[in-house]
Engineer: 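The structure under discussion is supplied below as structure tokens; questions concerning it will follow.
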Amino acid sequence: MKKFSEWFHNILEEAELIDSRYPIKGMSVWLPRGFQIRKYALKALQELLDKDHEEVLFPMLIPESELAKEAIHVKGFEDEVYWVTKGGKRDLNEQLALRPTSETSMYPMFSLWVRSHMDLPIKVYQTVNTFRYETKHTRPLIRVREITTFNETHTVHATEEEAEEEVKTGIEIYKTFFDELGIPYSISKRPEWDKFPGSKYTMAFDMIMPDGKTLQIGTVHNLGTTFAKTFDIEFENDEGEHEYAHQTCYGLSDRVIAALISAHGDEKGLQLPPVVAPEQVVIVPIIFKENQDVVLNFTDNLEKLLKSNGIRVRQDKRDMRPGKKYYEWEKRGVPLRIEVGPRDIENKSIVLIRRDTGNKEFIDYDENTIADVVRDTLDNITEDMKVSANKFQEEKTYSVENLEQVKKTINKKGGIVTFNWCGDTDCGKDMEEKFDIDVLGTQEADVSGPCLNCGKEAHYKALISKTY
Ligand code: A5A
Ligand code: MG
Ligand code: ZN
């Protein structure tokens, strides 16, 4: 694969996903094909969230007085906030922030909603746009200034245990979601200096991109009682005493689509898992003048049959060379192509070509079973794409035994390097500087012996990498 960032920009254009020529830095246009992928990805996510959470929608503007209330939180975002200062020609009495995330928009309302333990838990989510004036290099989908697809869940609980449980639930939901999309990940607890501003701790999902750098594709935060104290979210317990509520929040963004593209795409272009593909199957009739009717009769019938079985199918009848059509649909990532020519119809067979393996399969045509055959093939594609993407992440995760190897591995191979670590902030920051990497975080492990960097006792597995 040529240089990743060039490949990535090309694919957005060639597969007609995003037009990044919008005249504001860090903001782009979702094109119809990209928007459909986004829609199907959100559908899969919402199906998981809806089991135990309710969808809501809060305003996009936040009064400065609310945004400023939580000191640590606001400090984390102050350099990234866009402000609305005027209504028409008049200065506003109070300037309004475009939400960079929605804690300070939601929590003053939560404070009104929570009176007694009967009002708990609250478990809501919304999918909105948020704005962050990012100063690092912006890239479409990966680091944007308008996050157009910010899916954020916010929960409020009576006890610390319940909040801990919700963190686990959030992690499980994201695991299932990423698995459905065949997006690989490593989960770790972010170090103290890199946790979500105002949180107790942050659990993060990171995917290794094709160039070996990692991308944070989702985060789950335990907020403890910090925001509850700031925004006065308290309830009366059984004994009639007032207690502060325990909160969590977790979020995903457009980055999920970037991860999807990067995990599966190749030199031919996009490659989509069936669950998010606008067309799961494309039928290409091979037409010659003399038998056009026979072929089209057959393919029209096949199209109808698959459609009625809930498969997203499209027939490409355009008057152009089949080879050109194949090339186009491969570039757009359609998981399965069906070719039908006059010979095939005579032989009562059709040809299935998988986008992921390029594998060509001649199958006997039977109206009664064809939908099942196609569905099974799509399921196999889903599974194989996941396995192959996970393999890449595993192969690029290196466990090392000494400091020399840490440096060598990161610089030569990229990916994630793991090793025994003490967990101390000083030691971590020292490594980040020395090796020009980021400490992604820690995983609990049965660790003994010294920290590879400082020699003190090790308590965790550290995960480090170069990051986006
Ligand atoms: N309220 C919580 C959920 C929150 O805001 N968490 S977060 O800051 O970590 O953002 C959630 C996710 O959004 C991140 O894990 C990251 O994957 C994504 N994200 C953050 N900034 C982004 C940006 N500028 N462009 C695209 N995605 C971004
Ligand atoms: Mg850092
Ligand atoms: Zn150490």
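Remember, it's 1-based here, ligands and their atoms both numbered in the order they're listed.
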Engineer: Mind checking how many protein N/O/S atoms fall short of 2.8 Å from the Zn ion (ligand 3)?
Structural biologist: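 My tally for this metal is 4.
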Engineer: Taking NZ, NE, NH1 and NH2 as the nitrogens, is one of them in Arg337 or Glu330 under 4.0 Å from a carboxylate oxygen of the other?
Structural biologist: yes
Engineer: I'd like to know whether ligand 1 has Asp254 as a neighbour, heavy-atom separation below 4.0 Å.
Structural biologist: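 Checking ligand 1 against Asp254, which is what was asked, there is no heavy-atom contact under 4.0 Å.
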Engineer: Give the single entry among Thr138, Thr149, Ile147 that approaches atom 23 (C) of ligand 1 most closely by any heavy atom.
Structural biologist: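 Closest candidate by heavy-atom distance is Ile147.
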Engineer: Any donor and acceptor pair, going by atom type alone, linking the side chain of Gln95 with main-chain N or O of Thr85 inside 3.5 Å?
Structural biologist: no
Engineer: Among Glu152, His221, Lys136, Arg132, whose heavy atom sits nearest atom 5 (O) of ligand 1?
Structural biologist: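 Closest candidate by heavy-atom distance is Arg132.
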Engineer: Quiz question: by atom type and distance under 3.5 Å, do the side chains of Asp206 and Ser186 form a donor-acceptor pair?
Structural biologist: no
Engineer: Pick whichever of Arg145, Arg143, Gln216, Glu134 has a heavy atom sitting closest to atom 24 (N) of ligand 1.
Structural biologist: Glu134
Engineer: For ligand 1, is Phe150 a contact, meaning one of its heavy atoms is under 4.0 Å away?
Structural biologist: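 It does, in that a heavy atom of Phe150 comes within the 4.0 Å cut-off of ligand 1.
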Engineer: Are a donor atom and an acceptor atom from the side chains of Thr127 and Asn151 found within less than 3.5 Å of each other?
Structural biologist: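 Side chains of Thr127 and Asn151: pair found under 3.5 Å.
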Engineer: Tell me if the centroids of the rings in Phe110 and Phe231 come within less than 6.0 Å of each other.
Structural biologist: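 When the ring centroids of Phe110 and Phe231 are compared, they turn out to be at least 6.0 Å apart.
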Engineer: With heavy atoms of Glu103 as the reference, note each atom of ligand 1 found under 4.0 Å away.
Structural biologist: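 Reading through ligand 1 atom by atom, the close ones are 1 (N), 2 (C).
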Engineer: Under the side-chain contact (heavy atoms from CB on, under 4.5 Å) rule, collect the residues that match up with Val84, sequence neighbours excluded.
Structural biologist: Leu61, Leu92, Leu96, Leu98
Engineer: Regarding Tyr468 and Asp438, is there a side-chain donor-to-acceptor distance under 3.5 Å anywhere?
Structural biologist: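 Short answer, no.
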Engineer: If you measure only the distance, is there a donor-acceptor pair under 3.5 Å linking the side chains of Tyr250 and Glu166?
Structural biologist: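 Yes, because at least one side-chain N or O of Tyr250 sits under 3.5 Å from a partner of the opposite role on Glu166.
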